[in-house]
Amino acid sequence: MDKKKHTNMEVKKKNRNDVFRYICRNGMVSNPDISYGLKLSLPTVTQITKELIERGLVEEMGEMESTGGRRAKALAVSGNAGKAIGLDITKNHINLVLTELTGKILKYERIFLPYAAGDDYYLEVNQKTERFLEDGGCSKECVLGIGLSFPGIIDLDKELVADSHILGVNDLPFSAVSRFFPYPCLFLNDANAGAYAEGIQSESMNRFFYLSLSNTVGGGVYSNGKLEQGSNFRCGEAGHMTIVPDGKACYCGKQGCLDAYCSAKCLADGKVEDFFERLKQGEGIAASQWEQYTSYLAIAVNNIHMVLDCDVVLGGYVGSCMGEFIQDIRDKVSLRNTFSENGSFIRTCRHKTGEAALGASLNVIEQFIEQV
């Protein structure tokens, strides 16, 4: 195949991907809307949407509202185009989410299931996943794939969970997990999955650091539609940067890690929501805990911002519940910041529930769109 022909095919494929992605993210649209939004000619867009309709990925939904001329046909993603599953595996639970190609969450469930290495665990996870799909009225034929989120280092080159201290797993091949599921499987680190959910559905954020504050602390760098992985797939591992030299013991075996000072367990043994309710009520013990917690967190957030010079998004259990109390962190970071910034670059996550599972499912959807 000559170079020119190959280039033309690549351009056509990219345009098709972009058009389908635009429809997925914007709901009901018309060919003129797509043409204007993507800066593509109307004939090109019309030809692409015709192909997508013929393939059953897009369908006509009547007509758009009149803007003074002839009404344009309304286009939307077909309800039969497929769905994606997101599965977030943690030490004590699994989180399941079912999403449409638009990213809309159809069903979410959190199930208590302590992790245990071995076939029995994954067999049970598969059984619960199938029951989850059945309860959601989704047939196996509709499933495009399943995104699996793990806490730990996910080596995409070697295709294995390289290291997960919290689960006690080392060099676990993807195939050792995927063989239990009758769907294509894609793997992501849990914090990266959270970052992906935060970024892939946003048009306004080009680059940010996502800091996941759950029972473990992790992080991910999202930049221009992609996750930055690092040379060894360790990019964003903020939970194990040293905050206090020779400080508290971390579960990783080192001392003074951010995780030892800012995991959700530092605030509550149970539900983090209960801690913030006590904080709202002015309980002294909660206030003291929050003062100490935010002091350490401010060090980490300021350091991240000084190195990367980008927004910092607080997610996980703590970030999801923080709400009005984010100003406490902004104020403390502002005091530390060399350039006298007001801390407005810090914000809480948009998705308050199951963000890692959602990100894992959206990764499946994006991979599907890229192959359209």
Side-chain angles (χ1 to χ4, degrees), residues 190-192 194-195 197-199 202 204-205 207-222 236-245 247-248 250 256-353 355-356:
D190 56 348
N192 277 346
E198 195 68 28
S202 173
S204 60
M205 298 184 70
R207 189 167 188 259
F208 64 88
F209 188 94
Y210 177 84
L211 186 59
S212 177
L213 303 167
S214 290
N215 287 339
T216 57
V217 176
V221 180
Y222 184 89
E237 279 293 329
H240 299 294
M241 65 178 180
T242 303
I243 293 297
V244 179
K248 289 183 186 178
C250 178
C257 295
L258 176 63
D259 195 293
Y261 293 87
C262 288
S263 76
K265 292 184 289 187
C266 295
L267 296 177
D269 292 329
K271 292 183 177 180
V272 176
E273 295 91 335
D274 294 341
F275 168 81
F276 280 102
E277 186 58 38
R278 300 201 321 269
L279 189 60
K280 286 179 183 178
Q281 293 173 1
E283 182 193 287
I285 294 176
S288 177
Q289 285 179 282
W290 184 239
E291 172 65 24
Q292 184 178 54
Y293 182 93
T294 53
S295 295
Y296 290 117
L297 182 58
I299 295 172
V301 171
N302 186 59
N303 288 346
I304 290 167
H305 184 65
M306 292 297 289
V307 171
L308 298 179
D309 190 22
C310 65
D311 287 355
V312 177
V313 177
L314 304 180
Y317 302 153
V318 178
S320 298
C321 297
M322 192 177 296
E324 64 195 82
F325 296 104
I326 190 174
Q327 193 58 45
D328 297 338
I329 295 166
R330 286 174 173 164
D331 291 343
K332 288 185 178 181
V333 171
S334 293
L335 290 174
R336 290 186 171 276
N337 191 274
T338 303
F339 303 106
S340 302
E341 295 182 72
N342 60 13
S344 60
F345 60 85
I346 308 164
R347 69 173 183 83
T348 57
C349 57
R350 293 185 300 127
H351 301 287
K352 307 302 181 184
T353 304
E355 193 161 39

Taking all heavy atoms of [X] and all of [Y], pick out the closest pair and write down the distance.
X      : Y      : result
Lys332 : Ser295 : NZ-OG, 3.1 Å
Ser214 : Tyr317 : OG-N, 3.1 Å
Ala300 : Ile243 : CB-CD1, 4.0 Å
Gly219 : Ala191 : N-CB, 3.3 Å
Gly343 : Ser334 : N-OG, 3.4 Å

Does some side-chain heavy atom of [Y] sit less than 4.5 Å from a side-chain heavy atom of [X]?
X      : Y      : answer
Tyr210 : Glu355 : yes
Arg330 : Arg347 : yes
Arg336 : Ile299 : yes
His240 : Val217 : no

Give me the ring orientation class for Tyr296 and Tyr261: parallel if the planes are under 30° apart, tilted from 30 to 60°, perpendicular past 60°. tilted

Parallel, tilted or perpendicular for Phe276 and Trp290, by the 30°/60° rule? perpendicular

Could you please spell out the steps behind the side chain to side chain contact (heavy atoms under 4.5 Å, CB included) verdict for Val301 and Phe345? CA-CA 10 Å; Val301 171; Phe345 60 85; 4.3 Å; yes

Measuring from [X]:[atom1] to [Y]:[atom2], what's the distance to the nearest 0.5 Å?
X      : Y      : atom1 : atom2 : answer
Leu213 : Cys266 : CG    : SG    : 10.0 Å
Ile285 : Leu279 : CD1   : CG    : 12.5 Å
Phe325 : Tyr293 : CZ    : OH    : 14.0 Å
Lys280 : Glu324 : NZ    : CD    : 5.5 Å
Glu283 : Glu277 : CD    : CD    : 10.5 Å
Asn215 : Asp269 : CG    : CG    : 10.0 Å

Taking [X] for its side chain and [Y] for its backbone only, find out whether a donor-acceptor pair lies under 3.5 Å.
X      : Y      : value
Ser212 : Gly315 : no
Arg350 : Glu198 : yes
Ser263 : Ala260 : no
Ser288 : Gly284 : no

Could you check whether atom NZ of Lys271 has more than 12 heavy atoms from other residues, nucleotides or ligands sitting under 6.0 Å from it?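 No, not enclosed.
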
Under the side chain to side chain contact (heavy atoms under 4.5 Å, CB included) criterion, do His305 and Phe209 qualify, and how do the steps go? CA-CA 8 Å; His305 184 65; Phe209 188 94; over 6 Å; no

Looking at Ile304, Val333, Ile329, which one forms a side chain to side chain contact (heavy atoms under 4.5 Å, CB included) with Val312? Ile304

